[in-house]
Amino acid sequence: MALPFLPGHSTNSNLGVDNFRKPHAFDMRNGVPVFVGEEKAGIGGKPLPGQKIPPKSKIVPHGSGQSAPSWVVHDRQVLRFSAYFQEAVHEKREEKYRIRNCTILYYLEDDSIQVNEARQENSGIPQGTLIRRHRIPQPPPSDDQFYTVEAFNVGKQVTLYGRSFTIRDCDAFTRNFLTKTGIKVPSAESTEPADPYFEHRKQQAATMQPHRPYEKCDTLKQFLDNDRKVLRFYCIWDNSSEMFGDVRELVLHYFLADDTIEIREVIRANSGRDAAPKFLRRSKVPKEVGALHKPGEITERTVLNVFGPMGHGGRYILDSLKTGAVDKSCYTDADLTIGSKVNVWGREVTICDMDEFTAHHYQSKFGVAKSTPIHYKQTEAAKIEREIPPYNGWGSEEDSRANCLKLIAQAPKRDFIKFMKKDRQGLDSHVLRFFARLDTNRPIDMDRTFIISFFLSDDTISVFEPEKRNSGIVHGKFIERSKIKKPSGEYYQAEDIYVGAVVNFRSHQFVIVDAD
């Protein structure tokens with residue numbers, strides 16, 4: 001029993017105390033006085049009445065060795081807690097409350113917290129990230145402080161923004177980390193709290209019968225196993241019995257992923273046929289081809305009217321006996337062999353050969369070796385060589401040859417790079433000039449002189465005869481600028497014209513006597 005606070009009955013609390021220093025209430029930070037008295041104790045370091053001094057450090061260990069900041073020591077270290085909270089549901093008969101399971105993530109590097117809720121099918125409530133990652137303050141009256149790691153443990157309740165989360169379990173890393181810090185972690189709860197409404201929905205879904213009991217046809221496995229695997233067959237379609245018909249070569253592609261067939265036609269050059277992209281687009285090919293039915297005449301299932309009028313208020317079920325179903329058998333890989341005939345919508349296609357991958361597929365799946373291929377390729381007609389008429393002297397020979405190569409004549413292409421390098425550039429003309437005379441015994445032509453110009457840009461040659469008074473011969477261009485052939489049939493090049501050489505230009509022999 002404490003003594004009353006009366007004179008003579010109270011003891012001196014300062015007995016034995018030698019520290020009577022008063023802490024300062026202001027501190028200088030960046031040259032500005034800042035009030036820090038809320039975190040300071042009273043005289044002698046004793047707390048003031050009603051004062052709660054926050055701890056200076058957490059219980060999280062910083063590790064041994066050289067000290068480092070927490071964002072380096074605990075980088076990418078996250079504590080994971082499994083929790084739930086109960087949410088009341090008002091004005092609803094089916095449920096009074098909900099149990100919402102979530103995961104609390106505590107990041108050790110900056111004491112930030114994130115809360116995620118697992119998404120449930122057809123829940124009707126927003127789920128996912130309930131609280132984004134940030135530091136969360138504690139509830140009042142300690143709302144000036146933030147949550148730290150010592151507030152989280154199995155079996156505890158944590159209030160985050162007015163919601164009370166009950167922690168029921170944690171992962172192995174979190175349990176090991178808390179144990180090393182000296183916190184005893186209880187064992188996890190044996191059973192997970194159940195939501196009565198969702199349990200009722202699970203039972204209801206288990207006993208529910210589908211309104212449309214279609215047979216399940218799972219083709220995903222076939223697609224995953226055989227995707228991009230295609231069998232190739234070389235076929236012919238003999239249409240020679242029809243007027244203007246002939247034998248046409250086809251390539252049949254069978255796709256193992258979905259049992260569809262695509263046919264392409266091999267169109268030879270100059271066959272006179274339009275190059276259609278496909279002979280048959282990719283689809284399933286039925287074995288028996290009948291008359292086309294109207295839309296809705298053939299259905300896979302039959303709808304039976306149980307009772308009630310047509311339209312609104314009626315009750316319908318599907319006929320499990322498949323009364324209206326029509327069995328259409330389509331071609332599969334077991335029906336395609338060398339020599340077999342495929343009815344492609346009324347056209348009889350004969351399979352003559354297959355590629356190596358297709359032969360390996362039949363060997364591994366059916367154990368059937370490749371049969372002897374059927375000869376189906378037509379003998380190619382002898383190739384007619386194109387005859388080009390001789391040069392008649394009009395225009396250039398290249399231009400005349402271009403008229404014979406194409407139906408629409410095009411100008412002959414020139415060496416553009418050579419033209420740019422050897423064309424006239426300033427004072428450099430890139431033209432070789434030679435002084436020549438005729439190699440003849442005629443006295444009237446022996447004194448005639450000529451200037452031969454060789455243009456390096458396009459290997460053309462021009463011959464000019466200078467004026468000579470009282471000669472009786474008209475001066476000027478003797479040969480127009482053009483390419484000139486040798487008697488052997490090749491064109492003259494720059495290395496063929498030099499001083500002392502004898503050249504033959506258009507049946508005129510010239511002797512090169514000098515150069516510029």
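It should be emphasised that the depicted structure is a prediction, and the values quoted were computed from it without experimental measurement.
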Separation of Lys422 NZ from Phe455 CZ (nearest 0.5 Å): 15.0 Å
Atom CD of Gln493 with >12 non-hydrogen neighbours under 6.0 angstrom: yes
Atom of Val289, atom of Gly346 and distance for their closest heavy-atom approach: CG2-N, 4.3 Å
Pairs where residues 499-516 contributes a residue and the test side chain to side chain donor-acceptor pair (under 3.5 Å) is met, not counting sequence neighbours: Ser482-Arg506
Side-chain heavy atoms of Val344 within contact of Leu280, under 4.5 Å: yes
Minimum heavy-atom distance His475-Glu465, with the two atoms named: CB-O, 3.5 Å
Side-chain donor or acceptor of Arg119 paired with backbone N/O of Gln127 under 3.5 Å: yes
Any donor-acceptor N/O pair, Asp195 side chain to Tyr197 backbone, under 3.5 Å: yes
Minimum side-chain heavy-atom gap Leu250-Val349 below 4.5 Å: yes
Any side-chain heavy-atom pair of Phe357 and Val230 under 4.5 Å: no
Tyr491 six-ring centre to Lys485 NZ/CZ under 6.0 Å and within 45° of normal: yes
Option passing salt bridge (charged side-chain N to carboxylate O under 4.0 Å, His left out) with Glu249 (candidates Arg273, Lys377, Arg268): Arg268
Side-chain donor or acceptor of Arg282 paired with backbone N/O of Phe255 under 3.5 Å: no
Atom NZ of Lys284: over 12 foreign heavy atoms under 6.0 Å: no
Donor-acceptor contact below 3.5 Å, side chain Lys468 vs main chain Asp447: yes
Ser400 and Asn403: side chain donor to acceptor below 3.5 Å: no
Residue pair Thr337, Val368: steps toward the side-chain contact (heavy atoms from CB on, under 4.5 Å) verdict: CA-CA 10 Å; Thr337 57; Val368 178; 6.0 Å; no
Residues which pass salt bridge (charged side-chain N to carboxylate O under 4.0 Å, His left out) with Arg481, listed by chain and number, not counting sequence neighbours: Asp458
Working for salt bridge (charged side-chain N to carboxylate O under 4.0 Å, His left out), residues Glu397 and Lys483: CA-CA 9 Å; Glu397 186 174 356; Lys483 286 187 175 182; over 6 Å; no
Nearest-0.5 Å distance that lies between atom CD1 in Ile461 and atom CG in Leu432: 10.0 Å
Residue Leu220 excluded, over 12 heavy atoms near CG under 6.0 Å: yes
Side-chain ion pair, Glu262 and Lys278, N-O less than 4.0 Å: yes
Within 6.0 angstrom of Ile125 CD1, more than 12 heavy atoms from elsewhere: yes
Where Tyr331 and Pro286 come nearest, the two heavy atoms and their spacing: CE1-O, 3.6 Å
Pairwise side-chain contact, Phe173 with Gln77, heavy-atom cut-off 4.5 Å (strictly under): yes
Tyr97 side-chain N/O to Pro196 backbone N/O, donor-acceptor pair under 3.5 Å: no
Derivation of the side-chain contact (heavy atoms from CB on, under 4.5 Å) call for His361 and Leu256: CA-CA 10 Å; His361 171 76; Leu256 295 174; 3.8 Å; yes
Any donor-acceptor N/O pair, His430 side chain to Asp423 backbone, under 3.5 Å: yes
Summary of side chain to side chain donor-acceptor pair (under 3.5 Å) pairs that have at least one residue in residues 405-418, sequence neighbours excluded: Lys406-Gln410, Lys418-Asp459
Evaluation steps, side-chain contact (heavy atoms from CB on, under 4.5 Å), between Arg401 and Ile388: CA-CA 7 Å; Arg401 184 183 179 87; Ile388 299 178; 3.2 Å; yes
Interatomic spacing from CG in Asp227 to NZ in Lys229 - rounded to 0.5 Å: 9.5 Å
Distance, nearest 0.5 Å, that separates OH of Tyr106 from CD1 of Ile104: 12.0 Å
Where Gly339 and Ile374 come nearest, the two heavy atoms and their spacing: CA-CD1, 3.9 Å
For Asp171, all residues meeting salt bridge (charged side-chain N to carboxylate O under 4.0 Å, His left out), sequence neighbours excluded: none
Side-chain donor-acceptor contact under 3.5 Å, Tyr107 with Gln114: yes
Heavy atoms of other groups near Glu495 CD, more than 12 under 6.0 Å: yes
Whether over 12 other heavy atoms sit under 6.0 Å from Phe223 CZ: no
Between Lys341 and Thr350, a side-chain donor and acceptor under 3.5 Å: yes
Sidechain-backbone polar pair: Asp335 side chain, Thr332 backbone, donor-acceptor under 3.5 Å: yes
Minimum-distance pair of heavy atoms, taken over all atoms of His134 and Arg132: ND1-O, 2.8 Å
Whether over 12 other heavy atoms sit under 6.0 Å from Lys287 NZ: yes
Qualifying residues under side chain to side chain contact (heavy atoms under 4.5 Å, CB included), relative to Pro193, sequence neighbours excluded: Tyr84, Ile99, Asn101, Arg168
Within the 6.0 Å centroid threshold, strictly below: Phe505 and Phe510: yes
Side-chain touch Ile131/Ile113, heavy atoms, less than 4.5 angstrom: no
Validation row: Arg100, Gln120 side chains within 4.5 angstrom (heavy atoms): no
Partner residues of Phe85 under the ring-ring contact (aromatic ring centres under 6.0 Å, His included) criterion, sequence neighbours left out: Phe165
Leu252 and Met354, any side-chain heavy atoms less than 4.5 Å apart: no
Nearest heavy atoms of Ile338 and Thr372, plus distance in Å: CG2-O, 3.7 Å
Flag, side chain of Arg437 to backbone of Met446, donor-acceptor distance under 3.5 Å: no
Any Asn116 side-chain heavy atom under 4.5 Å of Leu105 side chain: yes
Stepwise side-chain contact (heavy atoms from CB on, under 4.5 Å) check, Ile351 with Cys235: CA-CA 4 Å; Ile351 299 178; Cys235 316; 3.9 Å; yes
Residue Asn441 excluded, over 12 heavy atoms near CG under 6.0 Å: no
Backbone of Thr358 reached by a side-chain donor or acceptor of Tyr254 within 3.5 Å: no
Atom pair CG/CZ of Asn122 and Phe198 - distance to nearest 0.5 Å: 8.5 Å
